[in-house]
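Report on the following structure.
First the proteins, then the strands, lettered A, B, ... as listed; each starts at 1.
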4 protein chains.
Amino acid sequence: MPSAALAAKPTKYDARRDAVVDAAAAVFAEFGYHGAGTGLIAGRVGIRQGSLYYYFASKEEALSEVCLRGVGDFLTGLEDIAQSTMPANEKLHAAILNHLRPVAERPDYVRTFITQRQHLPDASRRSVGRQVRQYEKALTELVRQGIAQSAFRSDLDCELMALAIIGECNAVFTWYGKRAKALSIAQIADAMATRFLKGIAA
Amino acid sequence: MPSAALAAKPTKYDARRDAVVDAAAAVFAEFGYHGAGTGLIAGRVGIRQGSLYYYFASKEEALSEVCLRGVGDFLTGLEDIAQSTMPANEKLHAAILNHLRPVAERPDYVRTFITQRQHLPDASRRSVGRQVRQYEKALTELVRQGIAQSAFRSDLDCELMALAIIGECNAVFTWYGKRAKALSIAQIADAMATRFLKGIAA
Amino acid sequence: MPSAALAAKPTKYDARRDAVVDAAAAVFAEFGYHGAGTGLIAGRVGIRQGSLYYYFASKEEALSEVCLRGVGDFLTGLEDIAQSTMPANEKLHAAILNHLRPVAERPDYVRTFITQRQHLPDASRRSVGRQVRQYEKALTELVRQGIAQSAFRSDLDCELMALAIIGECNAVFTWYGKRAKALSIAQIADAMATRFLKGIAA
Amino acid sequence: MPSAALAAKPTKYDARRDAVVDAAAAVFAEFGYHGAGTGLIAGRVGIRQGSLYYYFASKEEALSEVCLRGVGDFLTGLEDIAQSTMPANEKLHAAILNHLRPVAERPDYVRTFITQRQHLPDASRRSVGRQVRQYEKALTELVRQGIAQSAFRSDLDCELMALAIIGECNAVFTWYGKRAKALSIAQIADAMATRFLKGIAA
DNA sequence: CATGAATGAGGGTTCATTCAT
DNA sequence: GATGAATGAACCCTCATTCAT
């Protein structure tokens with residue numbers, strides 16, 4: 001019964017490991033990669049500095065893992081939307097929501113990914129960079145489709161639009177939870193989508 | 001008379017000192033405050049590590065100075081615009097241009113200010129933070145005025161709008177010079193203003 | 001009856017334990033005592049780091065055991081030869097063979113003993129050092145006997161001779177198996193003995 | 001006046017640097033590379049641990065430098081001898097003296113080179129290894145010449161001879177200064193050469 | 001002003017060792 | 001016996017900073 005073997009796959013100390021990654025994400029997000037001490041991370045999990053290396057080979061590897069989880073399913077989510085049959089307007093709305101939702105679910109991961117990925121070791125940085133560019137390209141394409149379907153103005157600079165959306169969404173990570181009253185992610189996404197759509201309607 | 005205030009500022013051995021501040025801004029922007037070594041800064045000016053301390057009392061002070069120049073006249077520029085007699089539409093356009101112009105003139109300073117000000121010593125950080133909040137408030141107010149004058153839709157969340165504008169402008173610092181072909185700052189500002197205005201028109 | 005002595009030695013769970021000691025000897029020989037990690041030793045036996053401590057109280061104790069087996073029966077072998085009735089020439093040949101034979105049988109143990117015994121804890125080091133000096137003394141005495149029997153030149157410095165033989169034999173451990181074609185230990189011993197004897201013949 | 005420029009070549013703080021290298025050599029020789037703490041080295045020069053890195057980029061680099069000085073002019077000395085017009089007998093004597101002389105002049109360097117070069121970083125280790133093999137080859141060749149000139153027995157294994165000489169000489173580093181009364185290097189070299197020559201005379 | 005030299009605190013990391021399971 | 005997990009001391013190294021020259 002292979003399914004049994006799969007089901008038996010021991011998640012083991014993944015619980016503790018996840019706690020460590022969580023702590024790393026939180027500390028990286030708060031102090032930046034180089035400003036974060038491993039002792040601080042360890043302290044948040046209630047273990048000693050050296051014990052971290054039972055879970056990670058290095059601080060860099062911890063950053064890599066955090067960033068990987070941070071970049072998460074941004075891309076797949078967007079591609080699902082792009083391939084769907086929704087009209088362009090709804091696609092854009094969905095794309096914004098797709099980008100904003102992680103803000104509430106794993107803010108430290110995404111914040112770290114956005115602001116600290118430059119400190120990744122070369123290999124990971126390039127790998128992550130490729131994903132980012134692919135994401136930008138997919139969003140650019142989504143805008144282009146909207147134009148082709150005459151849903152959006154034809155004089156738009158598609159790439160500029162994509163960067164604008166990404167930039168505005170990323171900025172939300174900066175202040176969400178601290179400012180702008182107590183807006184929900186859905187509300188913010190609605191407002192943003194509405195304004196963007198009005199701004200670029202054909 | 002603002003020129004008097006400027007002239008009163010003691011300029012002394014500014015030439016060399018400015019070179020040092022420039023180097024610090026560049027290195028902070030590239031590697032982050034904690035990722036930047038004083039040796040690297042010194043190297044870019046062609047002096048040795050220890051010699052830096054003829055220009056700065058500490059690395060923190062260097063960051064403070066860079067951030068101060070980074071925040072620069074964002075606020076005064078915006079207040080000038082707010083107090084002018086332009087119609088709301090033009091004010092918004094002017095505000096965006098005011099925010100974007102430094103991207104071409106002193107990108108390292110602004111980039112450092114945006115991404116590294118969290119590492120300032122407590123006093124400077126709070127002082128700078130106050131300026132930021134004041135800037136946000138001024139921009140929020142500018143939007144509110146537009147609504148009062150029936151130039152913008154009345155269902156806008158003013159603060160959200162201000163944060164959106166700021167976020168989108170700041171994002172430009174991330175990619176300007178590397179992506180989006182060879183757009184000029186003015187072109188970007190035009191496109192952004194046009195879209196924003198269409199999106200929020202009454 | 002030496003076989004009785006051997007049989008009396010408590011053998012217990014020797015099989016696995018010997019495997020562990022072997023691994024320790026190999027790793028110590030290759031990386032040196034301080035360059036060898038317990039994890040590496042454990043890995044070679046297929047167990048985990050912590051499990052080593054069912055076989056040893058400490059890494060130092062492992063080194064002690066390896067060195068003890070390394071020094072092995074050098075001394076008793078040499079004393080047997082010294083007390084035999086062979087002529088001096090043959091005694092020297094036998095002594096050289098006695099010293100070289102372990103090179104093929106347990107090279108890692110001897111190599112470790114020769115190069116790493118300085119890192120033994122004080123007690124063991126002194127104990128082992130005493131054996132070494134006794135060995136040197138026995139060999140020195142063997143040369144002295146040869147002179148007394150007019151088999152060797154009378155102007156020899158006996159201690160120097162002993163050290164020379166030991167040094168040359170120990171050096172074999174350095175290159176045996178890697179260089180000097182595919183000479184057998186017996187061939188090397190023959191060549192060495194022949195030359196030494198010609199060099200010191202009366 | 002180029003000679004003036006050369007003479008002016010500032011030896012600078014080479015004096016202090018040499019003291020540091022000396023200390024490193026001594027500590028490496030006594031405790032082995034991995035058994036030697038940088039703090040111990042620093043302590044012997046009277047500076048703090050971190051200050052070492054003003055003179056070295058890393059502990060490995062210190063080992064490299066020590067080994068380089070350790071291997072010193074063994075090779076060039078031997079090549080000079082080989083190319084000279086001395087008879088084979090004298091050449092061998094000179095070669096032995098050439099190998100032994102450093103024992104009195106820089107024992108820590110040579111001891112470290114002999115016993116610790118395995119811990120060099122890959123690049124240096126291979127480079128040094130090449131020198132060693134060249135040295136062995138040169139000595140082997142010197143023996144072969146002696147045979148060709150009918151000065152040595154024709155049934156000698158030349159490589160084995162070379163390794164024997166090297167091994168015996170290197171062994172001197174082990175005990176010189178501690179054992180064998182108060183023999184001078186010259187005396188030891190004489191005794192060794194005499195015996196070797198008798199042992200291999202045609 | 002600038003430097004060579006040094007510092008000392010702290011950094012990330014390794015590793016022999018322990019212990020409940 | 002063996003393991004996963006944790007420890008704490010020590011390690012090598014970096015770096016902002018100081019200071020006599």
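- Residue B:G37 is classed as a sugar-phosphate contact, given heavy-atom separations below 4.0 Å to backbone atoms only.
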Mind listing the side-chain donor-acceptor pairs of residues 29-37 of chain A below 3.5 Å, one per line with the distance, residues two or more places apart or on another chain?
residue : atom : partner : partner atom : Å
A:E30   : OE1  : A:R44   : NH2          : 3.2
A:Y33   : OH   : A:E60   : N            : 3.2

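- A:R17 has no carboxylate O lying under 4.0 Å from a charged side-chain N of A:D14, or vice versa, which leaves the two without a salt bridge.
- One atom, NE2 of C:H119, and another, P of E:dC15, lie 16 Å apart when rounded to the nearest Å.
- The main-chain N or O of A:A25 is found under 3.5 Å from a side-chain atom of A:T112 such that the two form a donor-acceptor pair.
- D:D18 has its CG atom 16 Å from the C1' atom of E:dA5, to the nearest Å.
- In this structure, B:F31 atom CZ and F:dA16 atom P are separated by 13 Å, rounded to whole Å.
- Atom CG in D:L52 sits roughly 12 Å away from atom C1' in E:dT7 (whole-Å rounding).
- Each of A:Y33 and B:R48 has a nearest nucleotide on DNA chain E; the 5'-most of these lies closest to B:R48.
- For F:dC12, the OP1/OP2 oxygens have a side-chain nitrogen or oxygen of D:T38 closer than 4.0 Å.
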Apply salt bridge (charged side-chain N to carboxylate O under 4.0 Å, His left out) to residues A:R69 and A:D18 and explain how you reach the verdict.
CA-CA 11 Å; A:R69 297 195 192 187; A:D18 279 356; 3.2 Å; yes

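- If you find the closest nucleotide of DNA chain F to B:G50 and to D:A57, the one lying nearer the 5' end belongs to D:A57.
- The residue among C:S51 and D:S51 whose nearest nucleotide of DNA chain E is located toward the 5' end is D:S51.
- Contact annotation: B:R16 side-chain N/O to E:dA2 OP1/OP2 distance is under 4.0 Å.
- Rounded to a whole Å, the CD1 atom of C:I41 is 13 Å from the C1' atom of E:dT17.
- Judged by the 6.0 Å distance and 45° axis criteria, D:R117 is positioned over the aromatic ring of D:F113.
- Within the cation-pi definition used here (under 6.0 Å to the ring centroid, within 45° of the axis), C:R111 does not qualify as a partner of C:F28.
- Judged by closest nucleotide on DNA chain F, D:A36 is the one of D:A36 and B:Y53 placed further toward the 5' end.
- The separation between C:I47 atom CD1 and F:dG4 atom C1' is 14 Å, rounded to whole Å.
- At a cut-off of 3.5 angstrom, counting only N and O atoms as typed in the model, there is a donor on one side and an acceptor on the other between the side-chain of C:Y54 and the base of F:dA2.
- Between the C:Y55 side chain and the C:A62 main chain, no donor and acceptor come within less than 3.5 Å of each other.
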Applying the Watson-Crick and G-U criteria (both distances under 3.5 angstrom) with [ ] for crossing and | for other-strand pairs, one obtains for DNA chain F .||||||||||||||||||||

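- Rounded to a whole Å, the CD atom of B:Q49 is 10 Å from the P atom of F:dT17.
- Atom CZ in C:F56 sits roughly 15 Å away from atom P in E:dT18 (whole-Å rounding).
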